[in-house]
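Order of the sequence lines sets the chain letters (A, B, ...), proteins ahead of strands, with each chain counted from 1. What's counted below: heavy atoms across the whole structure, side chains too, no hydrogens, waters or symmetry copies.
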Protein chains: 2
Amino acid sequence: MGRATITDVARVAGVSIKTVSRVVNHEPNVRESTQAKVEKAIAELNYRPDQSARNLASHRSRLIGLVYDDPSAYDLPSSGYIIRMQKGALSACRAAHYELLIHPCDYRKKQVIAQLKSLIEETRPAGIIVAAPLSNMPKVVGAIESTGTPFVRLSPGKRNGKQLSVATNDREASAEMTRYLASLGHTRIAFITGHPRHKAVGNRLRGYRDGLQQSGLTFSEQLVVAGDNSFSSGEAAAAELLGRKPPPTAIFAANDDMAAGVIRVADRLGIDIPRQLSVAGFDDIALARQVYPTLTTIRQPLATMAERAALALIRDAREDHSSKGTEVVPATLQIRESTGPAPV
Amino acid sequence: MGRATITDVARVAGVSIKTVSRVVNHEPNVRESTQAKVEKAIAELNYRPDQSARNLASHRSRLIGLVYDDPSAYDLPSSGYIIRMQKGALSACRAAHYELLIHPCDYRKKQVIAQLKSLIEETRPAGIIVAAPLSNMPKVVGAIESTGTPFVRLSPGKRNGKQLSVATNDREASAEMTRYLASLGHTRIAFITGHPRHKAVGNRLRGYRDGLQQSGLTFSEQLVVAGDNSFSSGEAAAAELLGRKPPPTAIFAANDDMAAGVIRVADRLGIDIPRQLSVAGFDDIALARQVYPTLTTIRQPLATMAERAALALIRDAREDHSSKGTEVVPATLQIRESTGPAPV
DNA sequence: CAATAGTATGACAGCGCTGTCAATAACTGC
DNA sequence: GCAGTTATTGACAGCGCTGTCATACTATTG
């Protein structure tokens, strides 16, 4: 037995295929009794509309593309990121009966742009979600733009009025973390900066400064060390900071990997966390709950962001227009064991 | 300007649309000169076949579904797994111009089966890849089977002749690891078993026994402790094992999380790794390279497995038949810092 | 009750491609 | 050079659906 088609349903329900189409698509102007008949027939035949046929006839696909930097290309433990984004995007997609297409790519390779374009041209998704750091790369964004496909940038901290994007309040959250540390009595709060390429990370430094100021503390170059987002750069930065006289009593790293590096170094130096040193990170990667002590950090609402992005894209596709502006989804502090009152 | 269609290409090339179709699909029996003309026209018009139209006309989709247990549902650090599987599946898909549809699901929820079925019926993928542990659940496999969609099970260690599956040689790899430890002079090699639900894990214990035997060592119940795959169960098992008189000089855990637990406990007890104790794990999760010392472990070729699975599905879809049997992709030892010569 | 304005339904032409099958061209061996 | 093959091409009918537009009903109004 082949699959039921719209014609079968129409025959069983005693209506035209167009009416079935109306019911399936929840179009207005269908009498209730008619709708009931059609729905009964659909259930009876276990009818499922054929997506290909719908797409072909309606000139639109029900695919959302999710484009992100491929972490396995350089073995970062940031895979949790991606899973969360996927999850958020998926939940929006599923509800709307859209599908998610994933496209990890290594931005350091030359062919990225070409691959991306061909992906888009071949699958013609209804919209694309571009995750950071790709969303901050003009070439990538330009390539997507040139295909005319609607897209949303997931760019923590960066706001942009011309295109649609979903962001977090990195800066405010960093300020909040800094204020939290200050409220614990810390006065020498150090900061480890992240990779300069990652724009969001710059905002985190700014937030740190904001937080200091809001807490009545003065900023000191002495307490800021550059990292590059990696665990080992966190270790190096920690070694440097803890060698200072006097050393900081709290270290706030621009991401969790570096914060984990700080914890490792403190452990080796026999420095007790949180009694002698408080450590805070940013991102809330899985590792944050696995290190000992568990890491106080800031959790980006990645899933929610991706979900909003997908929803926006789906909405736009339906209403046939594109929205603009930035939607901000706030990040939240995750207070765990690695932070505590400043030593006396 | 609208998009170029096959008709446009045919007109420009001066051939029929069918001939263009032949060129695009690499069908045989096209004269070289004709092919060149068509290809020139395609390039000139930047023509890309419309997938929806192809799917509709050919009654097959170019989607591969990847179904796996959703780690974010319970926050395991196993997301690296998924990324690797996705990566492998994607690389096969991309080469064949297929797309990957991802479907994480929480097997503990009641609706999983219904959701899965509706996903399949709505998107009608050309094939489905089912990852462990889902691939070992009769209900899940049964549901997929009932839709008639071809599928491949990614089931480490389990072999099955009736359906197609891709497996690793867990058992052999475990034996190899055990032999490796024995070759370092260890004679008291302990083993921490995993969660009984995870079938592959049973194979690891068997491999451990094989390895002991192959190395001329005798198996002792005293050196086997049950864990449940979690970090904390690894800690508990380590505490128990290290309390034995005499303690083992090497501990082989059925997965990396538990091995990391062993490392933590040894660290707390002041036991030097690898000088006093060698520790080995299984899986090569990201954490394995982040713990100190870095963990010797076994790496499952997850990406390769998923790639093979996708390839098999794509091949079957093309050739319109389904292959059977189990393909085995060997796991490889990753020797790092946590193992060394047995103490004298 | 006719005129007007919705509201509900259907007929039908594609969407852009592939599959089928028939037509033609190019070879083969004798 | 001819019948018998085989390689190459094209005409055309759908695939299952949606969009457009025409039609048939049902209220509403003065």
Side-chain angles (χ1 to χ4, degrees), chain A residues 1-39 41-42 45-63 97 121-124 126 317-320, chain B residues 1-39 41-42 45-63 97 121-124 126 317-320:
Chain A
M1 68 140 213
R3 231 184 144 97
T5 74
I6 201 172
T7 316
D8 301 326
V9 177
R11 188 169 17 76
V12 170
V15 299
S16 74
I17 59 167
K18 182 65 216 190
T19 298
V20 176
S21 172
R22 286 195 180 95
V23 172
V24 168
N25 293 292
H26 306 104
E27 283 174 31
N29 300 337
V30 177
R31 201 176 300 158
E32 260 184 51
S33 59
T34 312
Q35 184 179 329
K37 275 194 301 187
V38 172
E39 277 166 356
I42 288 177
L45 298 169
N46 189 29
Y47 166 73
R48 312 271 177 203
D50 182 299
Q51 289 302 334
S52 301
R54 295 177 102 168
N55 296 165
L56 177 57
S58 65
H59 298 283
R60 72 170 73 113
S61 84
R62 274 146 220 268
L63 293 174
H97 293 261
E121 277 167 352
E122 276 168 28
T123 65
R124 310 203 201 172
R318 281 210 231 277
E319 297 172 8
D320 212 39
Chain B
M1 67 138 212
R3 228 184 147 98
T5 73
I6 200 171
T7 315
D8 301 326
V9 177
R11 188 170 16 77
V12 170
V15 298
S16 74
I17 59 168
K18 182 65 216 189
T19 299
V20 177
S21 172
R22 286 195 181 92
V23 172
V24 169
N25 293 291
H26 306 104
E27 283 174 33
N29 301 335
V30 176
R31 201 176 300 160
E32 261 185 50
S33 59
T34 312
Q35 185 178 330
K37 275 193 302 185
V38 173
E39 275 165 357
I42 288 177
L45 297 169
N46 189 30
Y47 167 73
R48 311 273 176 201
D50 181 300
Q51 288 303 333
S52 299
R54 295 176 102 167
N55 296 344
L56 177 58
S58 65
H59 296 284
R60 73 170 70 114
S61 85
R62 275 146 218 267
L63 293 174
H97 292 261
E121 279 168 349
E122 277 168 26
T123 65
R124 309 201 201 173
R318 281 211 232 276
E319 296 171 10
D320 211 39

- Message: Suppose the criterion is side chain to side chain donor-acceptor pair (under 3.5 Å): which pairs have a residue in residues 27-37 of chain B, not counting sequence neighbours?
- Response: B:Gln35-B:Glu39
- Message: Among residues at least two apart in sequence or on other chains, which ones pass side-chain hydrogen bond (donor to acceptor under 3.5 Å, both in side chains) with A:His97?
- Response: B:Glu122
- Residue pairs passing the salt bridge (charged side-chain N to carboxylate O under 4.0 Å, His left out) test where at least one lies in residues 46-57 of chain A, sequence neighbours excluded: A:Arg48-B:Glu121, A:Asp50-B:Arg124
- Item | Residue pairs passing the salt bridge (charged side-chain N to carboxylate O under 4.0 Å, His left out) test where at least one lies in residues 4-24 of chain A, sequence neighbours excluded | A:Asp8-A:Arg11
- Who pairs with A:Leu56 by side chain to side chain contact (heavy atoms under 4.5 Å, CB included), at least two apart in sequence or on another chain? B:Ser52, B:Ala53, B:Leu56
- Message: At under 4.0 Å between heavy atoms, how does the protein contact nucleotides 8-19 of chain C? Give one character per nucleotide, 5' to 3', with B, S or -.
- Response: SBBB--BBBBBB
